[in-house]
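Here's the structure we're looking at; comments come further down.
Remember, predicted model here, so these are calculated numbers, not experimental data. The chains referred to below are lettered A, B, ... by the order of the sequence lines, with proteins before strands, and numbering in each begins at 1.
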Amino acid sequence: MNTQPGGVWRYSSLLIPTLREEPGEAEIVSHQLMLRAGMLRKLAAGIYTLLPLGLRVLNKVERVVREEMNRAGAQEILMPMVQPAELWQETGRWQQYGKELLRFKDRHDRDFCLGPTHEEVVTDLVRREVRSYRQLPVTLYQIQMKFRDEIRPRFGVMRGREFLMKDAYSFDLDEAGARVSYQKMNDAYHRIFERCGLKFKPVEADSGVIGGAYSQEFMVLAETGEDSIKACSQCSYAANVEKQPGAACPRCQAPLETHRGIEVGHIFMLGTKYSEAMKAAVLDPQGHEQPMVMGCYGIGVSRTVAAAIEQHHDDKGIRWPAPLAPFHLHVVVLNPKDTPRAAALGYDVVLDDRDDRAGIKFNDADLIGVPAQVIIGGRTLKEGLVELKRRSDGVVRKIEPGGIGGVLAEWLGMPAV
RNA sequence: CGGGGCGUAGCGCAGCCUGGUAGCGCACCUGCUUCGGGAGCAGGGGGUCGCAGGUUCAAAUCCUGUCGCCCCGACCA
């Protein structure tokens with residue numbers, strides 16, 4: 001599908017199978033709304049097909065992520081989903097990783113796995129191609145489907161087995177350089193989640209199987225989050241409960257408050273765990289071999305979509321933050337005979353030209369949650385006006401069609417492209 | 001893997017306890033009317049009741065096994 005900005009799409013030609021009733025399979029609101037809004041359908045436990053609307057939102061998150069990764073100096077690559085066992089045996093994770101790592105053999109009886117993460121592959125790439133400290137620092141990233149055979153997938157794309165992830169890996173000559181790279185990614189993550197319109201909190205976390213010196217998780221605050229976090233009531237300190245079992249802030253001794261969070265990002269200072277195991281080294285200015293100091297940085301792209309819905313919805317449906325919205329403007333044409341010539345507004349527009357009753361169109365529009373709606377029809381149309389409605393708070397303005405662009409720019413907080 | 005629940009039309013469900021030729025709402029198709037917040041009337045199509053065995057004259061219903069899905073727990077970059 002065309003994802004170029006500024007297009008006009010006819011609702012009648014899009015596959016948007018909205019559901020009036022709540023699907024029995026969904027427990028939490030983001031999962032329910034993704035199904036009801038026709039974004040998502042299940043193929044098997046934890047494995048989903050994204051429909052046009054769902055894909056458009058995913059693409060919007062990807063766009064924000066790419067822009068900020070590129071701005072931070074990271075370079076995009078694309079690594080294979082299928083990985084040979086040998087690499088994982090080098091780091092010992094072939095044995096360490098449990099059943100979450102889906103393994104299989106090819107026709108020649110060689111062992112492979114579906115990549116749940118890409119430290120081994122990227123380290124293999126860099127050790128082959130980078131020889132000198134002059135080539136550092138380098139940060140590589142990709143946006144790719146991951147597969148983790150979760151014990152218990154749940155809540156739709158919140159905890160799927162197959163999911164879209166942005167993973168980045170930094171390589172530096174020394175610890176100081178690695179800290180700079182880590183900080184750049186930290187800054188980029190703040191910008192990404194802010195741009196996505198999310199209320200989030202960076203927390204200190206355990207680095208788990210990935211390993212490394214220290215790590216931070218980016219938690220979207222939501223009641224339905226699977227993680228519990230402790231945040232200081234006075235300073236900015238916050239930690240995952242796995243990491244912080246105490247009741248008082250270790251920095252300022254103030255009491256800690258408990259919140260629920262959805263982990264949408266996780267950044268790790270890896271150190272030389274992988275570069276040493278895999279002999280990924282460069283020559284320093286003195287001509288000595290040094291293992292590269294690494295960091296790795298993940299964002300659950302599909303999970304971010306669900307997290308955004310958890311924070312932005314009401315009883316009628318989704319209320320997309322403008323940067324993530326599948327469309328910026330939803331044109332509700334009450335009488336298909338009044339279908340306007342779709343003016344090039346410079347925004348993504350969906351035009352509901354279906355031959356259906358007004359109630360169906362209003363309800364679908366609210367469900368899908370495009371941030372602005374134009375209602376064309378009735379008395380207003382006879383006056384030569386249209387109604388512009390803001391989804392977030394229901395504010396309605398009657399204006400001349402020529403004024404739509406201006407109000408949109410104001411409401412969306414973003415200029416036309 | 002332990003505990004709980006559910007598999008009946010595309011979706012949501014009833015029927016199962018107490019066995020006797022499978023039903024409701026929505027959706028879908030046709031016609032007429034209607035048309036600013038999920039229309040009305042009339043007609044119509046759609047089902048191996050998850051699957052496999054067993055009991056029985058007869059199984060959606062009872063028994064056994066099995067598969068799938070959901071929730072809680074353990075686990076989780």
Side-chain angles (χ1 to χ4, degrees), chain A residues 17-28 31-32 35-36 38 41-48 93 96-101 115-120 122 144 146-156 158-161 163 165-169 205-212 215-218 224-228 240 242 262-270 273-274 295-301 303 315-317 332-338 352 354-367 373-382 386-387 389 394 396 398:
Chain A
T18 57
L19 304 174
R20 184 192 300 208
E21 292 174 280
E22 230 166 62
E25 71 184 62
E27 190 80 2
I28 65 171
H31 190 194
Q32 290 168 350
L35 290 168
R36 286 227 292 135
R41 289 296 183 263
K42 182 174 66 188
L43 181 62
I47 301 179
Y48 295 87
R93 288 163 113 197
Q96 261 175 45
Y97 235 99
K99 287 189 156 179
E100 211 174 271
L101 184 66
T117 179
H118 280 65
E119 282 81 11
E120 280 81 358
V122 76
Q144 190 227 27
K146 293 283 187 280
F147 192 92
R148 293 180 188 177
D149 201 358
E150 296 282 349
I151 295 172
R152 186 152 86 83
R154 57 186 137 180
F155 304 148
M158 193 70 87
R159 185 171 212 79
R161 291 194 288 174
F163 58 99
M165 178 170 171
K166 186 284 302 177
D167 46 325
Y169 306 87
D206 187 55
S207 27
V209 212
I210 296 286
S215 80
Q216 275 187 303
E217 291 171 333
F218 288 76
T224 46
E226 292 186 87
D227 291 278
S228 227
N240 195 308
E242 299 162 2
I262 301 163
E263 178 192 354
V264 289
H266 201 157
I267 59 179
F268 300 82
M269 176 58 85
L270 291 178
K273 172 178 174 177
Y274 295 91
C296 80
Y297 318 92
I299 289 180
V301 178
R303 183 182 283 181
D315 57 346
K316 286 181 169 296
V332 180
V333 183
L334 295 183
N335 184 344
K337 292 191 191 72
D338 297 331
D352 192 347
R354 292 176 299 171
D355 186 14
D356 272 310
R357 303 178 65 79
I360 292 177
K361 296 187 177 191
F362 287 138
N363 283 311
D364 277 343
D366 288 344
L367 212 208
Q373 303 171 5
V374 174
I375 294 123
I376 296 177
R379 294 177 300 280
T380 323
L381 183 62
K382 290 199 184 77
V386 296
E387 288 166 57
K389 178 182 150 186
V396 175
K398 292 189 182 183

In 5'-to-3' order, the base (B), backbone-only (S) or no-contact (-) status of each nucleotide in nucleotides 32-42 of chain B, using a 4.0 angstrom heavy-atom cut-off, is --B-BBBB---
Between [Y] and [X], do the side chains contain a donor N or O and an acceptor N or O under 3.5 Å apart?
X	Y	result
A:D366	A:Q373	yes
A:Y274	A:R93	yes
A:S215	A:E217	no

(message) Working note: A:M165 + A:V301, criterion side-chain contact (heavy atoms from CB on, under 4.5 Å); need CA distance, chi angles, decisive distance, verdict.
(response) CA-CA 5 Å; A:M165 178 170 171; A:V301 178; 5.7 Å; no
When the [atom1] atoms of [N] and [M] are considered, how many whole Å apart are they?
N	M	atom1	value
B:G38	B:G73	C1'	40 Å
B:U61	B:G2	P	26 Å
B:G50	B:C35	P	44 Å
B:C13	B:A42	P	28 Å
B:C11	B:C6	C1'	16 Å
B:C1	B:G40	P	49 Å
B:G20	B:C16	C1'	14 Å
B:C57	B:G45	C1'	34 Å

Comparing nearest nucleotides in RNA chain B, the 5'-proximal residue of the pair A:E150, A:H31 is A:H31
The answer to which of A:H266 and A:A26 contacts RNA chain B further toward the 5' end, by nearest nucleotide, is A:A26
Exercise. Decide yes or no, distance alone: a donor-acceptor N/O pair under 3.5 angstrom between the base of B:G12 and the side-chain of A:E22.
Key: no
Using Watson-Crick or G-U wobble geometry with both distances under 3.5 Å, which nucleotide pairs with [N]?
N	result
B:G36	none
B:G25	B:C11
B:C41	B:G31
B:C6	B:G68
B:G73	B:C1
B:G19	none
B:U48	none

Between [N] atom [atom2] and [X] atom [atom1], what is the distance in whole Å?
X	N	atom1	atom2	result
A:R152	B:C1	CZ	C1'	13 Å
A:Q32	B:C71	CD	P	11 Å
A:E21	B:C26	CD	P	10 Å
A:I151	B:G73	CD1	C1'	11 Å
A:K42	B:C6	NZ	P	17 Å
A:M158	B:C71	CE	P	12 Å
A:I47	B:G68	CD1	C1'	13 Å

Notebook entry, point to check: Heavy-atom distance under 4.5 Å between the side chains of A:L381 and A:D338, does that happen here?
Noted result: yes
NA contact type, A:E25, heavy-atom cut-off 4.0 Å: base, sugar-phosphate, or nothing?
sugar-phosphate
Under 4.0 Å, heavy atoms only, any strand: does A:F155 hit a base, just the sugar-phosphate, or nothing? sugar-phosphate
**Message:** Just N and O in the side chain of A:R154: are any of them under 4.0 Å from OP1 or OP2 of B:C72?
**Reply:** yes
Separation between CZ (A:F163) and CD1 (A:I47), nearest 0.5 Å, reads 12.0 Å
Taken to the nearest 0.5 Å, the spacing of A:I151 CD1 from A:R161 CZ works out to 12.0 Å
**Report entry** Test item: A:R41 side-chain N/O and A:Y48 main-chain N/O as donor-acceptor pair under 3.5 Å
**Finding:** no
Carboxylate-amine/guanidinium proximity below 4.0 Å for A:K361 and A:D356 | no
